[in-house]
J.: 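Have a look at this one.
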Number of protein chains: 2
Amino acid sequence: MAGPTLRDVAAEAGVSIRTVSNVVSDYPYVADDTRARVQAAIDRLGYRPNLLARSLKQGRSHVIALVVPELDVPYFAELARLIIAEGRERGYLVMIDHTDGDKNLERELILQNARPMNFDGVILSPLALSGADLSERPPGAPILLLGEKSFDSLADHVAIDNVAAADEATTHLIDIGRSRIAAIGVQPSGYDTAKLRLKGFRRAHRRAGIPVDRSLLMTATRFHRTDGAEAMRRLLARPDRPDAVFCFNDLLALGAMRTVLAAGLRVPEDVAIVGFDDIEDGRFSTPTLTTISPDKQLIARQAIEQILTRISKSDDAAPIEIRAPFRLAIRESTAGVPRDGGSRHQADRPASRPTRSDSQP
Amino acid sequence: MAGPTLRDVAAEAGVSIRTVSNVVSDYPYVADDTRARVQAAIDRLGYRPNLLARSLKQGRSHVIALVVPELDVPYFAELARLIIAEGRERGYLVMIDHTDGDKNLERELILQNARPMNFDGVILSPLALSGADLSERPPGAPILLLGEKSFDSLADHVAIDNVAAADEATTHLIDIGRSRIAAIGVQPSGYDTAKLRLKGFRRAHRRAGIPVDRSLLMTATRFHRTDGAEAMRRLLARPDRPDAVFCFNDLLALGAMRTVLAAGLRVPEDVAIVGFDDIEDGRFSTPTLTTISPDKQLIARQAIEQILTRISKSDDAAPIEIRAPFRLAIRESTAGVPRDGGSRHQADRPASRPTRSDSQP
DNA sequence: CATAGGCTTAGCAACGATGCAATAGTGCGC
DNA sequence: GCGCACTATTGCATCGTTGCTAAGCCTATG
C-alpha cells in the first residue's frame with residue numbers, strides 16, 4: 001500500500017536520501033554515474049514522489065478548485081473540461097465541485113475556507129454570491145470569478161460582456177422583424193447574470209424604439225430545460241403570444257423550443273428563439289439554435305493563466321477584469337425567415353433548411 | 001498566506017499542541033473548560049486544519065479520482081455529478097479527470113501510477129482499456145471500473161447488463177413492427193461497450209427470427225452527435241433505408257434524429273429511434289427520445305460504496321461485479337405509432353403527441 | 001492507607017519530502 | 001604552496017498533523 005519512498009530508493013542505490021531527491025528534482029550537480037545508478041533504482045522500485053509530502057513542505061498543492069453551480073449543465077461541463085485541460089498543461093490539477101444551485105451559500109462558505117484541502121486557488125462561477133460574501137473571505141488562496149462583475153470587484157474575473165451580448169441577441173430578433181419579444185430567465189434578485197442580460201435586452205428595445213412589454217418578462221428560478229418549457233407554456237397560454245423569445249441560456253431555449261413544437265407551432269416562423277452559451281445540444285436540435293457563443297476556450301485559458309499569475313507572484317495588484325470575446329451564432333431557430341403576419345400554417349416542415357448562417361457539424 | 005496552525009492556537013489558548021489536536025478531533029477526555037478555551041482560540045484565529053498534513057500523517061488523502069473519457073458528454077457529466085455528491089456525503093473529495101478518447105492509454109497509465117496525488121482510489125470509466133493494462137498496474141490504490149466487464153475481472157466493476165439492455169431496446173423496435181433495423185455505434189475492436197450492445201442487438205433479432213442485415217451495422221469512431229448524424233446520412237443515402245435505428249448512446253441518437261428530420265422525414269413514422277443512457281437532452285428533444293435508462297443514482301452510490309469498502313478494509317477479496325438496474329424509457333421517438341407502409345407524407349406534425357409512455361418534465 | 005483505575009494533559013517521533021548550508025574532493029591560477 | 005571556485009554528496013531541521021504513551025492528579029475501593 002505504502003509504495004517506495006526516497007529512503008527505499010536511497011538504500012537500493014547506496015546513496016543518501018538527499019541525493020535521490022536531487023536526482024528527482026533535476027539538480028545539476030549530480031555525477032552522471034550516480035544519477036544513472038539512482039535512476040535505475042527508481043525504475044526498479046517504481047518510485048513515485050509523494051505529492052502530499054512535497055506539497056506540505058512547499059506550501060503549495062498544485063491543485064486549484066473549480067466551483068460551478070451544476071456540473072451536469074452542459075455549459076459548465078464544457079467549460080470544466082477546458083479548464084481541466086488548461087490546468088493540466090501547466091502542471092495543475094483541477095478539482096471540481098458543485099454548489100447545487102441554492103445551497104451555494106453554505107458551500108461557498110466552505111470554499112472560502114478552502115484552505116483545508118490546500119487549494120492554491122479557486123475559480124468560482126457564482127450564482128448568488130454578493131460582494132459582501134467575498135469581502136468576508138479570510139485571506140488565503142486567490143479567487144477568480146467566472147461570469148459577472150460582482151459589484152465592486154474584490155477578485156479577478158473573466159467574463160464576456162453580457163449586456164452587449166444580450167443586446168446583440170435581442171437586436172437580431174428585432175432585425176428579423178419581431179416586435180413582441182419575450183425574455184425567459186429573469187431572476188428575482190441577486191443574480192447578476194440575469195440582471196445584465198435583461199439590461200441588454202432592454203437596451204436593444206430602447207435603441208429600436210420598441211417598448212418592452214413587462215408581462216413578457218418571464219422569471220425562471222433555475223436555468224434548466226424544464227424551466228424554459230414551463231415559462232413558454234405560460235407564454236403560449238396568452239391570447240397575445242410573443243413572436244420571439246430571448247432565453248438567458250440555451251437550456252431554457254431548448255425547453256422553450258420543445259414546448260413550442262409540441263404545441264404544433266413552428267420555430268422560427270411562429271416563434272423565433274435565441275439562446276445563450278452555445279452548448280453542443282443547440283447545434284443538433286431541430287431546428288438548430290441561434291445563440292450567443294462565448295469563446296469558452298479563451299475563457300478557460302485566461303482564467304487559468306490569471307489565477308496562476310496570482311498564485312506564483314502572490315500578486316497584490318488590484319483585481320483585474322478580463323473581457324472574453326463572443327459572437328452571435330445564427331442558426332435555424334431565427335433562420336432569417338421574414339415575419340409574414342397571418343399565414344401561420346403555410347408550409348410543412350421545409351425539406352431542407354434554406355439559410356444556414358452557421359456551420360452545422 | 002500560511003494560515004494559523006495548531007501551534008498558533010495552542011499558544012493563544014495557553015495549552016499544548018496536542019491538546020488542541022485533541023479538541024479538534026473530538027477526543028473525549030478533555031475538560032470542558034479547556035475545550036471551551038481552545039475552541040474560542042480556534043474561532044478567534046480562524047484555524048482550519050491542514051488536510052495535507054493530516055493526510056500525510058494518516059496515509060490517506062480522502063480523495064478519489066474519477067476518470068471518464070470526456071467530461072462534456074452528458075452521460076459522464078451526470079454521472080460525475082452524482083459521484084461527487086455521493087463521495088461528499090462520505091467525506092471524500094472526488095477529483096475528475098478525462099482521457100479525451102484515444103489519448104486514454106497514456107493518461108490511463110499515469111493514473112495507474114496514480115500514487116502521485118495520493119488518491120485513495122480510482123473510479124475509471126474505460127474506453128479501450130484491456131485486461132492486460134490492468135494487470136500491469138502496480139499495487140496501489142484500488143481501482144473500480146464503471147461499465148463493461150473487462151475480460152477476466154481484475155478489478156471491481158459496476159455496470160448494467162448491456163446485452164440485456166440492448167436486447168430490450170431492439171425488441172421494442174421489433175414489437176412496434178419494424179424489421180429493417182440499423183445499429184449505429186458499432187466499434188472496430190477493443191471497445192467492450194459496443195461489443196456487448198451489438199450482441200444484444202443480434203440476440204433480439206435472432207429471437208424474433210429476423211436476420212440482421214450487416215450493411216445496416218454502422219460504425220462510429222466516437223459516440224458524439226456528429227457521428228450519429230454522419231452515420232444516418234449514409235443510411236438515408238441508400239435506396240433501402242432502415243425503418244428504425246438503435247443507437248448505442250443518446251448522443252448518436254440525437255445526431256441521427258437531427259439528420260432524419262432535416263431530410264424531411266418523420267420520427268418515428270419513417271424512422272423510429274432508440275438511444276442509450278437517458279441523458280436529459282433526450283427528454284426535451286422533439287420528438288422526445290426512447291432510450292435505455294440506467295439507474296445512475298444507484299451506479300454512483302454503489303461505485304462509491306464499493307471503493308470505500310476496498311479502501312477502508314484494504315480488502316483483498318476477489319473482485320466483485322455489481323449489476324445496476326435499468327429500464328426502457330419509451331418516449332415519442334418510438335411512440336408506438338404503428339408502421340403504415342407507404343403513406344409517408346400523410347399528416348403534418350401532430351398538434352399534440354398522442355402517446356406518452358414516459359413522463360415529460 | 002495503599003493501590004487500582006479513570007480522567008486530563010502533554011512530549012516525542014514520525015508521515016515523506018525539500019530548504020539550507022556544510023563537508024569534502026578536485027583543479028586552477030598566482 | 002595556498003586560496004578559491006567549482007563539483008558532488010550529505011545531514012539536519014522542518015512543513016502541520018497525529019499515533020503512541022507517559023505523567024500527574026483525583027477518586028473509589030479493598
Side-chain angles (χ1 to χ4, degrees), chain A residues 1-39 41-42 45-63 113-120 140-141, chain B residues 1-39 41-42 45-63 91 113 115-120 140-141:
Chain A
M1 159 139 195
T5 72
L6 281 186
R7 199 211 310 282
D8 301 319
V9 178
E12 174 84 7
V15 295
S16 75
I17 289 182
R18 187 65 256 201
T19 297
V20 179
S21 173
N22 284 340
V23 170
V24 170
S25 54
D26 275 324
Y27 181 70
Y29 296 139
V30 175
D32 288 345
D33 62 325
T34 305
R35 185 181 298 277
R37 203 148 31 93
V38 170
Q39 190 56 55
I42 287 176
L45 298 181
Y47 167 79
R48 315 251 83 204
N50 182 325
L51 294 197
L52 241 47
R54 181 179 286 176
S55 297
L56 175 61
K57 187 69 176 88
Q58 298 183 330
R60 195 164 293 178
S61 64
H62 289 267
V63 177
N113 301 343
R115 201 85 68 6
M117 193 45 207
N118 285 73
F119 299 121
D120 289 349
Chain B
M1 160 143 193
T5 72
L6 282 185
R7 198 213 308 283
D8 301 320
V9 178
E12 175 84 7
V15 296
S16 75
I17 288 182
R18 187 64 258 200
T19 296
V20 180
S21 173
N22 285 340
V23 171
V24 170
S25 54
D26 276 322
Y27 181 69
Y29 297 137
V30 176
D32 288 346
D33 63 326
T34 305
R35 185 182 297 278
R37 203 148 31 92
V38 170
Q39 189 58 53
I42 287 176
L45 298 181
Y47 167 79
R48 315 253 82 205
N50 182 325
L51 294 197
L52 242 45
R54 182 178 285 177
S55 298
L56 175 60
K57 186 70 176 98
Q58 296 183 331
R60 196 163 291 179
S61 65
H62 289 267
V63 176
N113 300 344
R115 199 84 70 2
M117 193 46 205
N118 284 70
F119 299 122
D120 289 349

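Just so we're on the same page: letters track the sequence lines, and every chain starts at 1.
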J.: A:Leu56 side chain: which of D:dG16, C:dT9, D:dT9 is closest?
T.: D:dG16

J.: To the side chain of B:Thr34, which of C:dT9, D:dG16, C:dA17 is closest?
T.: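 Ranking C:dT9, D:dG16, C:dA17 by closest atom to the B:Thr34 side chain puts C:dT9 first.
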
J.: Report the residue (A:Asp33 or B:Arg18) whose heavy-atom-nearest nucleotide on DNA chain D is the more 5′ of the two.
T.: A:Asp33

J.: Would you work out how much the helix from C:dC1-D:dG30 to C:dC30-D:dG1 bends between its ends, with each end axis defined by five base pairs, to 10 degrees?
T.: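 It comes to 60° between the two terminal axes.
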
J.: D:dT17 P sits how many Å from B:Ile42 CD1, rounded?
T.: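 Answer to the nearest Å: 10 Å.
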
J.: Return the value, rounded to whole Å, for the distance between atom NE2 of A:His62 and atom P of C:dA17.
T.: 15 Å

J.: Sequence neighbours excluded and cut-off under 3.5 Å, please list the side-chain donor-acceptor pairs for residues 11-21 of chain A, or say none.
T.:
unit_1: A:Glu12; atom_1: OE2; unit_2: A:Arg44; atom_2: NH1; d: 2.2
unit_1: A:Ser16; atom_1: OG; unit_2: A:Arg18; atom_2: N; d: 3.3
unit_1: A:Ser16; atom_1: OG; unit_2: A:Thr19; atom_2: N; d: 3.1
unit_1: A:Ser16; atom_1: OG; unit_2: A:Thr19; atom_2: OG1; d: 3.2
unit_1: A:Arg18; atom_1: NH2; unit_2: A:Ser21; atom_2: OG; d: 3.2
unit_1: A:Arg18; atom_1: NH2; unit_2: A:Asn22; atom_2: OD1; d: 3.3

J.: Could you tell me how far apart A:Ile17 (CD1) and D:dC12 (C1') are, to the nearest whole angstrom?
T.: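 Computing the A:Ile17:CD1 to D:dC12:C1' distance gives 11 Å.
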
J.: Side chain of B:Ala31: nearest nucleotide among C:dC15, D:dC20, C:dT8?
T.: C:dT8

J.: Mind calculating the distance between CZ (B:Arg37) and C1' (C:dT9) to the nearest angstrom?
T.: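 Going from B:Arg37 (CZ) to C:dT9 (C1'), I get 11 Å.
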
J.: Between atom CG in B:Asn50 and atom C1' in C:dC15, what is the gap in whole Å?
T.: 13 Å

J.: Mind calculating the distance between NZ (A:Lys57) and C1' (D:dC12) to the nearest angstrom?
T.: 11 Å

J.: Counting any heavy atom closer than 4.0 Å, what does B:Arg54 reach on the DNA or RNA strands: base, sugar-phosphate only, or nothing?
T.: sugar-phosphate

J.: List in numerical order all residues of residues 20-29 of chain A for which some heavy atom is under 4.0 Å away from an atom belonging to DNA chain D.
T.: A:Asn22, A:Tyr27, A:Tyr29

